[in-house]
Amino acid sequence: MRHVIALDVGGTGIKAALVGADGTLLHRARRSTGREGGPEAVVAGILDFATELRAHGVKEYGEPASAAGIAVPGIVDEADGTAVYSANLGWRDVPLRSLLADRLGMPVALGHDVRTGGLAEGRIGAGRGTDRFLFLALGTGIAGAIGIGGRVESGAHGFAGEIGHIVVRPGGTDCPCGQRGCLERYASAAAVGAAWAAACGDPDADAADCARAVASGDPNAVRVWQEAVDALADGLLTAVTLLDPRTLIIGGGLAEAGEVLFRPLREAVRRRITFQKAPALVPAALGDSAGCLGAGLLARDLLTITPTTPEVST
């Protein structure tokens, strides 16, 4: 049975799957990233895991996978196949695509984790059927994926979609990127959790606790939440003005609040719209499977790309 290998590498764990030609998840597996052993151990673990997945495919389906796709965090040069930098994993300039291709003996696609998850959401998830979308993951930080015609734009240098570093509050909170007032310092799950912990006096409180307090009508929680929603709406207005997406797909930890987030966010975006066309604003549909499914799509795309033949004049 024809299938591909999909790997989604996170800061603490690796999600993996064998994906059939029709997109069916044939086999799933997880294991620790093993970052406590250092960047070399992480790379070795990825290669070993991929090798085991290849062997599983041979045993269960009678043939090895046709291709592999891998999504990784940090700065990724997708064209060159290099994992340029990851603070969480400690690596720099890892030629991950060629390392995997040599180990597995098959073509390999390398992608950025959020862009790869966005690809899955746009193509087979919440954005299915749309030609242009913007996917945002509201987690520890905020990152995005710009979808055009079923593919995700990585940019000239691999930085496309970094909406979390749009400045929405000039002169505001310091950001590790070197700017002040970045969107992710106000509207990420981490930022909301920190603001609510300070407001309620519980250092262990997080964004989910804030969402529950909002749902129960706590005025302090409503204030904290609305400040985050307003910052997010300001960032989204900039994105809508620049990109004119048909659909905005919101995922990540903060989106798990459901309508507690989406109801005020839709209203806040609507109030800011002037000449722009308001996009549909929808929750992500694939959850934590998005990265793995997207890696599978990258691998399957390798099998459908055909070289172009120049026309011959007669």
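Keep in mind that the numbers below use all heavy atoms, side chains included, and drop hydrogens, waters and symmetry copies.
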Should [X] and [Y] count as side-chain neighbours, where that means a heavy-atom distance under 4.5 Å?
X	Y	answer
Val94	Tyr85	no
Leu110	Val76	yes
Asp244	Gln276	no
Arg263	Glu267	no
Arg185	Pro176	yes
Leu7	Leu53	yes
Leu248	Val282	no
Leu293	Leu119	no

Over all atoms of both residues, closest heavy-atom pair of [X] and [Y]:
X	Y	value
Ala67	Leu302	CB-CD1, 4.4 Å
Ile146	Ala160	CD1-CB, 4.4 Å
Ala299	Ala109	N-CB, 4.5 Å
Trp225	Pro264	NE1-CG, 4.4 Å
Ala233	Leu265	N-CD1, 4.0 Å
Asp8	Gly291	OD2-CA, 3.6 Å

Looking at [Y], is its backbone amide N or carbonyl O close enough to the side chain of [X] to form a donor-acceptor pair, meaning the two atoms are under 3.5 Å apart?
X	Y	value
Ser188	Gly141	no
Ser98	Pro95	yes
Thr24	Leu26	no
Asp209	Asp206	yes
Tyr186	Thr173	yes
Arg97	Ala79	yes
Glu184	Ile142	yes
Arg223	Pro219	no
Arg246	Asp131	no
Glu162	Gly164	no

Take Val240 and Val269, measure what side-chain contact (heavy atoms from CB on, under 4.5 Å) needs, and give me the verdict at the end. CA-CA 10 Å; Val240 168; Val269 171; 5.5 Å; no
Would you kindly confirm whether [X] and [Y] end up in one hydrophobic cluster when ILVMFWY residues are joined by side chain heavy atoms under 4.5 Å apart?
X	Y	value
Leu96	Met106	yes
Leu89	Ile75	no
Leu183	Val192	yes
Ile166	Phe159	no
Val4	Tyr61	no

Whether [Y] and [X] form a salt bridge (side-chain N of Lys/Arg under 4.0 Å from carboxylate O of Asp/Glu) is what I want to check.
X	Y	value
Arg115	Glu78	yes
Arg169	Asp234	yes
Arg272	Asp230	yes
Asp22	Arg2	no

Give, for atom [atom1] of [X] and atom [atom2] of [Y], the distance between the pair rounded to the nearest 0.5 Å.
X	Y	atom1	atom2	result
Ile250	Arg266	CD1	CZ	9.5 Å
Thr247	Leu134	OG1	CG	10.0 Å
Cys182	His165	SG	NE2	6.0 Å
Phe135	Leu286	CZ	CG	8.5 Å
Leu297	Arg123	CG	CZ	5.0 Å
Arg31	Lys15	CZ	NZ	14.5 Å

Report yes or no: do [X] and [Y] form a side-chain donor-acceptor pair below 3.5 Å?
X	Y	value
Thr51	Arg103	yes
Asp80	Thr82	yes
Asp218	Ser216	no

Please lay out, stage by stage, how Asn88 and Arg35 fare under the test side-chain contact (heavy atoms from CB on, under 4.5 Å). CA-CA 8 Å; Asn88 286 336; Arg35 63 178 179 175; 3.9 Å; yes
Derivation and outcome, salt bridge (Lys or Arg N to Asp or Glu O under 4.0 Å), residues Asp288 and Arg30: CA-CA 12 Å; Asp288 70 354; Arg30 293 183 183 232; 3.1 Å; yes
Quick one: do Ile46 and Val42 satisfy side-chain contact (heavy atoms from CB on, under 4.5 Å)? Show the steps, please. CA-CA 6 Å; Ile46 292 169; Val42 172; 4.1 Å; yes
Take Leu136 and Leu232 through the side-chain contact (heavy atoms from CB on, under 4.5 Å) test and state the conclusion after the steps. CA-CA 10 Å; Leu136 268 71; Leu232 183 55; 4.1 Å; yes
